[in-house]
Protein chains: 2
Amino acid sequence: MLNDLKNPAPRDCGDCPIRHRAVCARCEADELEKLDQIKYYRSFEAGRTVIWAGDQMDFVGSVVTGIATLTQTMEDGRTQMVGLLLPSDFVGRPGRETAAYDVVAVSDMVMCCFRKGPFEDMIAKTPHIAQRLLEMTLDELDAAREWMLLLGRKTAREKIASFLSILARRNATLNLGQAGGAMSFELPLTREAMADYLGLTLETVSRQISALKKDGVIELQGKRLVNVPDFDRLLDEAGDDSDGGMLS
Amino acid sequence: MLNDLKNPAPRDCGDCPIRHRAVCARCEADELEKLDQIKYYRSFEAGRTVIWAGDQMDFVGSVVTGIATLTQTMEDGRTQMVGLLLPSDFVGRPGRETAAYDVVAVSDMVMCCFRKGPFEDMIAKTPHIAQRLLEMTLDELDAAREWMLLLGRKTAREKIASFLSILARRNATLNLGQAGGAMSFELPLTREAMADYLGLTLETVSRQISALKKDGVIELQGKRLVNVPDFDRLLDEAGDDSDGGMLS
DNA sequence: CGACGGGTTGATTTTATTCAAAGGTTGTGG
DNA sequence: CCACAACCTTTGAATAAAATCAACCCGTCG
């Protein structure tokens, strides 16, 4: 498990691990105070569904710890992941009554939820929140567009390499800032969930991971722990611009 | 050509065809006044590039008339469209120095541009602009996620049918509100641009359009004018939920 | 133990791509 | 006015990539 089974909800915003990255990042003390009055924590076990697409959704919120997925499903069961929610990511859309996507906790997860109505009021009255939400939404849109390139134009091998390099990069920024050298991280998703992320079948995911391993691009310790001896090599396999997709 | 060769720039915001849908939609008279001082119009002929990915971008703006595309290109030339910009759509990202994508005018086009620095100031000081931009960005994110499902999980035939139904629906809302019955519209894109939109090759696009025609799902007058005898049939071919993907 | 939820690997089939040729339009210059 | 070039489109045949169908492995958990 990536997270403690006893997900301890922070006592108050001062202790909050996502205080400076979430939608509240720019809030002053008095604004946090107001948010505090409309917030509550919810915990979800790994595998639990947070909400189904189409259901009434009377809250929005932030992932505090753990990982969740946003997925869309067609009538015949084909599913596509459209979001991978990490700590500090925002869930829900102000101004919308119902959930547009299925939200599922992949690991044990804690969310900091805000009642929707009051939160909408705060957006209108608290520029710091609206600005931060705009910034986060623009970031998500950029990520979605990168993802579209992956889905539309990359080969199965490039898709896997891209996904792994995203995970590796995230891990590097969260921990130490070493790039270019060796790095390792844990796969948070099953083969099936990776397939839903990448628009592939789980068999193809498994085969391409095996192929990358055989070619020495990655090493596996167990099914989930990945070691990347040469990150530049992985980036190369991902087919990304050599500049590492530097934006802004 | 879809548009006049002499794209007449509106004299002032009162005449503007996108006044109530663009980023300025919620602005009061005094706010429009301020925007007016930092705005200027630019016209582009069909085929002209507005900006290349990576270039310095000292403006943001709205499409006033015409159509543009947002595309990403890999080193080896594979390209994926990541945005189709219609009148009122916003171009550029506040807070970013360089363009993240290629922007190309598909038809003759007029943009209402704002100098970036002053516009960023206005976002900070004018909640009406920030709020509208947030709303538009959230809409784009939803569209991007719908597009991800298309790219990742739909067959070539479903992709074409989905694209046609998007165009048909857009045309219906712009003109008359009849759904379910017959409707017709013009294809704004070449087969190649459609292929870039859908993550296909142009040959596959051509074949699938021919197949839909042969099966009576659509009728063609010339290469560009499409007639849809039964919109529900088209929706069915698109593999979308029967409720027509109603959001919000 | 036995069932179950992942995961891997192989054989076959399907789908879309690639390579190739040719038909239509449009616009330009002789 | 015609010829030709450039671009867009269609269609066919061969190929490649990923999906599908199927078997089996390996831990974990009741």
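Naming convention: chains lettered A, B, ... in sequence-line order (proteins, then strands); numbering from 1 in each chain.
Between the CD atom of B/Glu192 and the P atom of C/dT18 there is a distance of 13 Å, given to the nearest Å. Spacing between atom CG of A/Leu200 and atom P of C/dG7 amounts to 15 Å, rounded to whole angstrom units. For the pair B/Lys154 NZ and C/dT14 P, the computed distance is 24 Å after rounding to whole Å. Between the CZ atom of B/Arg78 and the P atom of C/dT17 there is a distance of 12 Å, given to the nearest Å. One interatomic measurement links the two molecules: NZ of A/Lys223 to C1' of D/dT28, which rounds to 14 Å at whole-angstrom precision. Between the CG atom of B/Leu151 and the C1' atom of C/dA16 there is a distance of 15 Å, rounded to whole Å. Between the P atom of C/dT18 and the CG atom of B/Asp76 lies a distance of 10 Å, rounded to the nearest Å. Atom CG in A/Asp196 sits about 14 Å away from atom C1' in D/dA19, given to the nearest Å.
For A/Arg224, the listed nucleotide lying nearest its side chain is C/dG7; candidates were C/dG7, D/dA18, D/dT9.
The nearest heavy atom of DNA chain D to B/Thr190 and to A/Thr155 marks one nucleotide each, and the one closer to the 5' end goes with B/Thr190. Toward the 5′ end of DNA chain C lies the nearest nucleotide of A/Leu189, the other residue of the pair A/Leu189 and B/Ala156 mapping further downstream.
Classification of the B/Tyr197-B/Phe163 ring pair by plane angle, with boundaries at 30° and 60°, yields tilted.
Atom CZ of B/Arg153 is separated from atom CG of A/Leu200 by 7.0 Å, given to the nearest 0.5 angstrom. A/Ile218 contributes atom CD1, which lies 13.0 Å from atom CG of A/Asp230 (distance to the nearest 0.5 angstrom).
As judged by a 4.0 angstrom heavy-atom cut-off over every strand, B/Gly199 is placed among residues touching the sugar-phosphate backbone only.
Applying the ring-ring contact (aromatic ring centres under 6.0 Å, His included) rule to pairs touching residues 200-220 of chain A yields nothing, sequence neighbours excluded.
The existence of a salt bridge linking B/Glu203 and B/Arg207 is excluded, since no basic side-chain nitrogen approaches an acidic carboxylate oxygen closer than 4.0 Å.
More than 12 non-hydrogen atoms from other residues, nucleotides or ligands lie less than 6.0 angstrom from CZ of A/Arg224.
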Side chain to side chain contact (heavy atoms under 4.5 Å, CB included) assessment of A/Arg96 paired with B/Asp142
CA-CA 12 Å; A/Arg96 173 170 294 162; B/Asp142 280 330; 2.5 Å; yes
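Contacts with DNA chain C (heavy atom under 4.0 Å) in residues 201-210 of chain B: B/Thr201, B/Glu203, B/Thr204, B/Arg207, listed by number.
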